[in-house]
Peer 1: 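The structure that follows is given in the form of structure tokens.
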Amino acid sequence: MPSIRQELETTRTARWYRHAHGARRAGAWAERVRDYAALRDVLAGHAAVAGTEAGRGEQPPIQLAGLLKLVAQRAHYAGAEPVYRRYRDKQQSQPILRWAGPDPVIRPSAAFLAEARIAAFWPYREGAAEVADAFDMTRVEWAAAYLRALAAWAADNRPLAACHPVAPPPCVPEDMAVIAGAGPRWAAGPTAADHAARLSALAGEVVRTVLRDSSITPLGAYNTVRDEVRSLLSPPPESLADQVLRAVAELTDRMTCPVDGDAALEPGQARRLHTMLGGLSALLAQQARAQPDGYPRTADGYLREA
Amino acid sequence: VTPDAALAADGQARAAARLRGAAEALSVLEHRGPADQHAACLFAMSLLGAQAAQADWPRAGLPAAPSPGEPAGVRIPVGDRAVVLLAHVAMVLHTAAMPSAERPWHWDRLARFFAARLPASDPDLLRLRVRLLGARVEAGDTSREVFSELMAAVEFHRAGHGADAYLTSVAQANLSRAFRQRPTLVLSREPGTG
């Protein structure tokens with residue numbers, strides 16, 4: 001069974017990143033890196049102006065018209081066309097296909113912003129994944145490590161995170177699907193896909209928390225969603241019936257095979273258990289007989305009134 | 001901005017960002033047992049040894065960083081934020097299982113180490129100082145000096161981030177924790193109030 005890190009290396013974005021970053025495309029990747037660097041400069045300049053108008057410590061959303069043109073100017077291209085070409089839906093002869101794919105509905109500026117966020121977040125993701133894998137983290141720990149790394153990214157790249165639409169890098173939903181994917185599947189509860197969707201929403205909340213308060217640490221931002229993350233990824237509590245079954249099996253073992261001659265029960269305990277189990281046994285017999293009749297029951301097993 | 005220049009700058013930024021991600025993940029291990037905390041601290045030191053510019057980490061109160069097995073590529077300066085934060089996490093892990101009385105010495109070494117490399121107003125240096133003060137309070141030191149530094153931290157964050165900011169509330173919590181630790185509280189009387 002592949003580890004979480006191995007699964008994270010096979011997401012669509014991970015494959016795109018490896019392809020884009022590949023040695024044979026180094027020149028094309030360098031052009032993209034130049035675009036991303038120019039975007040950071042453009043956004044930083046805008047954030048410095050906008051920040052003085054917003055509340056102290058708050059990073060307001062940034063929406064810039066003609067983003068790719070501004071980037072091309074900042075990167076000192078003769079015109080905007082070389083930049084547009086890289087991020088438009090028609091990708092003939094491009095050495096690196098855009099992350100957003102060929103969907104014409106996705107505008108070049110949106111495709112560019114998505115890639116810039118992915119590229120900026122990727123090393124944070126790699127650093128967290130390396131540690132999480134080395135220490136065989138549980139799913140809850142993985143989520144904590146990932147979301148804290150995401151908060152660090154948002155804190156270090158506030159204007160990029162605040163660029164409209166304010167959102168985490170678009171690789172987050174895929175990654176959350178991996179982190180939640182092999183998690184506990186509850187027969188009557190939400191599915192793993194629902195958990196992944198909720199974790200992605202919480203990741204968005206982490207980013208927005210960072211943007212609201214420049215002083216918040218990654219731990220502080222993660223703590224705002226920690227309880228829900230834990231409840232989503234922790235194994236469900238054992239039902240009462242399962243606890244009794246486990247205890248009965250263990251007690252039976254210890255009575256039939258005592259360790260070092262230790263009696264598992266005192267005579268008084270044995271009498272009390274015998275009395276209680278006798279009553280429970282009668283109730284169980286009743287319940288077992290009543291089950292197959294198909295009458296509607298409430299969750300606790302009682303018949304529901306028509 | 002040429003593609004080559006952008007790529008070179010990007011290499012260092014990426015290495016620093018990778019350390020940032022690793023530091024956050026290592027922080028999660030603070031809640032594990034002493035053996036894992038120790039292993040996580042050594043992992044942090046191996047990252048510092050491989051990625052950061054050479055430094056005398058034992059002088060900073062940390063274990064020595066193992067020398068990297070392969071020639072280092074990009075070296076991040078010791079004063080870079082990513083290195084400061086990773087060293088901070090390494091110290092949290094290093095001191096986690098220590099008796100309270102031993103911790104202040106280590107935090108003091110780390111704070112002094114970075115004080116020689118960062119501007120006095122650097123917020124991460126202040127966080128190290130506050131951590132040192134917390135360690136001193138836990139070790140039973142509730143001297144006037146500790147209180148005045150904790151109060152200064154509250155004022156620093158209130159002035160810099162606002163009264164409702166996260167770090168202001170953390171600084172206030174640190175101060176109130178110190179007050180709770182203090183065995184007897186002697187309030188100075190204001191002049192003219194009888």
Side-chain angles (χ1 to χ4, degrees), chain A residues 26-38 40-41 55-58 74-76 119-137 140-153 155-157 209 212-222, chain B residues 1-32 35-37 39-40 42-44 46-47 51 74 81-82 85-86 88-89 92 123-124 127 156-171:
Chain A
W29 180 250
E31 294 288 353
R32 271 173 150 79
V33 168
R34 182 186 182 187
D35 297 343
Y36 305 150
R40 274 198 301 276
D41 286 351
R56 186 163 47 175
E58 186 181 341
R74 178 70 205 176
H76 303 296
F121 176 56
W122 211 255
Y124 293 83
R125 179 187 185 272
E126 285 176 333
E130 183 186 0
V131 172
D133 189 59
F135 287 88
D136 199 16
M137 284 190 174
V140 175
E141 289 174 327
W142 256 101
Y146 188 100
L147 291 174
R148 287 181 63 158
L150 178 68
W153 166 80
D156 294 349
N157 298 273
T209 300
R212 275 195 297 268
D213 183 348
S214 65
S215 83
I216 202 159
T217 61
L219 171 63
Y222 172 67
Chain B
V1 183
T2 64
D4 286 345
L7 212 51
D10 185 60
Q12 176 137 337
R14 281 177 51 79
R18 204 181 156 100
L19 285 194
R20 290 277 278 128
E24 291 307 323
L26 285 164
S27 294
V28 173
L29 299 166
E30 187 190 343
H31 302 291
R32 293 243 188 125
D36 281 343
Q37 287 167 347
L42 295 184
F43 194 98
S46 72
L47 289 177
Q51 304 281 312
V74 179
R81 185 156 197 243
L85 293 175
L86 183 57
H88 188 141
V89 171
V92 169
D124 294 320
R127 281 182 68 196
F156 178 87
H157 290 303
R158 203 198 306 269
H161 304 296
D164 298 329
Y166 175 78
L167 282 184
T168 309
S169 65
V170 170

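In the text below, chain A, chain B and the rest are named by the order of the sequence lines, each starting its count at 1. Everything numeric in this text was worked out from a predicted model, so none of it was measured.
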Peer 1: Who among A:Ala152, A:Gly127, A:Ala145 has the most heavy-atom pairs with chain B under 4.5 Å?
Peer 2: A:Gly127
Peer 1: Determine, for A:Trp29 and A:Arg32, whether the Lys NZ or Arg CZ falls below 6.0 Å from the six-membered ring centre while staying within 45 degrees of the axis.
Peer 2: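 No, A:Arg32 does not lie over the aromatic ring of A:Trp29.
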Peer 1: I need the residue from A:Ala149, A:Ala119, A:Ala128 with the largest number of non-hydrogen atom pairs under 4.5 Å to chain B.
Peer 2: A:Ala128
Peer 1: At a heavy-atom separation under 4.5 Å, does A:Asn157 approach chain B through its side chain, its backbone, both, or neither?
Peer 2: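 Neither part.
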Peer 1: Given side chains that start at C-beta, do those of A:Phe135 and B:Arg32 come closer than 4.5 Å, heavy atoms only?
Peer 2: yes
Peer 1: Where the side chain of B:Gln37 meets the backbone of B:Glu30, is there a donor-acceptor pair that is under 3.5 Å apart?
Peer 2: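 Looks like yes, one N/O pair under 3.5 Å.
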Peer 1: With a 4.5 angstrom heavy-atom cut-off, is it the side chain or the backbone of A:Ala38 that approaches chain B, or both, or neither?
Peer 2: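 Interface part for A:Ala38: neither.
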Peer 1: Let's test your reading of the structure: which of B:Leu26, B:Leu19, B:Leu85 forms the most heavy-atom pairs below 4.5 Å with chain A?
Peer 2: B:Leu26
Peer 1: Hey, are the side chains of B:His157 and A:Ser215 touching, using non-hydrogen atoms and a 4.5 Å cut-off?
Peer 2: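 Contact flag for B:His157/A:Ser215 side chains = no.
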Peer 1: Please flag which part of B:Ala23 lies under 4.5 Å from any non-hydrogen atom of chain A: side chain, backbone, both or neither.
Peer 2: neither
Peer 1: Side chain, backbone, both or neither: which part of B:Ala40 has a non-hydrogen atom closer than 4.5 Å to chain A?
Peer 2: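 Answer is both: backbone and side chain atoms of B:Ala40 are under 4.5 Å from chain A.
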Peer 1: My understanding is that only residues two or more places apart in sequence, or in another chain, count here; which of them pass side chain to side chain contact (heavy atoms under 4.5 Å, CB included) with A:Ala151?
Peer 2: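 Checked A:Ala151 against side chain to side chain contact (heavy atoms under 4.5 Å, CB included); matches are A:Val206, A:Val210, A:Pro218, A:Ala221.
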Peer 1: Look at the side chain of B:Thr168 and the backbone N and O of B:Ala163, then say whether any donor-acceptor pair between them is shorter than 3.5 Å.
Peer 2: no
Peer 1: Looking at B:Leu167, B:Val170, B:Leu47, which has the largest count of heavy-atom pairs under 4.5 Å with chain A?
Peer 2: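 Going by pairs under 4.5 Å, I would pick B:Leu167.
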